[in-house]
Amino acid sequence: MYGIAGVDEIAAPDFAQRLAEDDLQLVDVREPEEVAIANLPNFIHLPLGQYADWADHIFDHLDPSLETIVMCHHGMRSAQMCQWLQRQGFDRTKNLSGGIDAYARLVDNTIPRY
């Protein structure tokens, strides 16, 4: 992936090894119709298209002290979310490189691709 300056990334296989950790905060920024097609458990769903509904209450949804891994379809929207979270004081954000598509290709081929 190409990445965005200032945004740390985690590769899908590395993320898969860490998925069971209790101290991870997982955020999915895809739209509801995308989540209906393919999803991973334990992700907090904050669709970027509904930003106005949740942005002012981000601290009700997420803890800035926890490591936060953000996912979208291919990794661009989640990288943008990581940048925004960093501006809100979240110092431990990581973008899932390649998004759920990379996870489906590299880790779990039972997850539908779209």
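In what follows, residues are counted from 1 in the order of the sequence shown.
- Hydrophobic side-chain contacts under 4.5 Å tie Leu40 into a cluster, directly or through other members, with Ile10, Phe15, Leu19, Leu24, Leu26, Ile37, Phe43, Ile69, Met71, Leu96, Ile100, Tyr103, Leu106, Val107, Ile111, Tyr114.
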Quick one: do Met76 and Gln80 satisfy side chain to side chain contact (heavy atoms under 4.5 Å, CB included)? Show the steps, please. CA-CA 6 Å; Met76 290 309 296; Gln80 293 169 343; 5.6 Å; no

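- For the pair Met81 and Leu48, the tightest heavy-atom approach, listed with the atom from each and the gap, is SD-CD2, 4.2 Å.
- A donor-acceptor pair is defined here as one N or O able to donate and one able to accept, closer than 3.5 Å; no such pair exists between the side chain of Asn109 and the backbone of Arg105.
- For the atom pair OG (Ser78) and CD (Gln83), the distance works out to 10.5 Å, reported to the nearest 0.5 Å.
- Judged by distance alone, with hydrogens and angles left aside, the side-chain atoms of Glu67 form no donor-acceptor pair with the main-chain N or O of Asp91 at under 3.5 Å.
- Counting all heavy atoms, side chain and backbone alike, Val7 lies closest to Ala79 at CG2-O, 3.8 Å.
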Take His57 and Trp54 through the side chain to side chain contact (heavy atoms under 4.5 Å, CB included) test and state the conclusion after the steps. CA-CA 5 Å; His57 309 284; Trp54 53 257; 5.7 Å; no

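- Side chain of Gln88 to main chain of Trp84: a donor-acceptor pair is present (N/O by atom type, distance under 3.5 Å, no hydrogens or angles).
- Side-chain N or O atoms of Asn95 include none that pairs as donor or acceptor with a backbone N or O of Ser97 at under 3.5 Å.
- For Gln25, the side chain to side chain donor-acceptor pair (under 3.5 Å) test picks out Thr68, with sequence neighbours left out.
- Note that the CG atom of Asp23 and the CG atom of Asp63 stand 11.0 Å from one another [nearest 0.5 Å].
- Inter-residue side-chain proximity for Leu85 and Val70 is flagged as met; some heavy-atom pair is nearer than 4.5 Å.
- Listed here is the closest heavy atom pair of Gly49 and Glu31: N-OE2, 2.8 Å.
- Checked by atom type and distance alone, the side chain of Arg30 pairs as donor or acceptor with a backbone atom of Ala38 at under 3.5 Å.
- For the pair Arg18 and Asp14, the salt-bridge criterion is not met [side-chain N within less than 4.0 Å of a carboxylate O].
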Could you go step by step and tell me if His73 and Arg77 meet the side chain to side chain contact (heavy atoms under 4.5 Å, CB included) rule? CA-CA 8 Å; His73 188 202; Arg77 288 175 287 175; 3.5 Å; yes

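- Val35 and His45 get closest at one heavy-atom pair: CG2-NE2, 3.3 Å.
- Phe59 meets the ring-ring contact (aromatic ring centres under 6.0 Å, His included) test with Phe90; sequence neighbours excluded.
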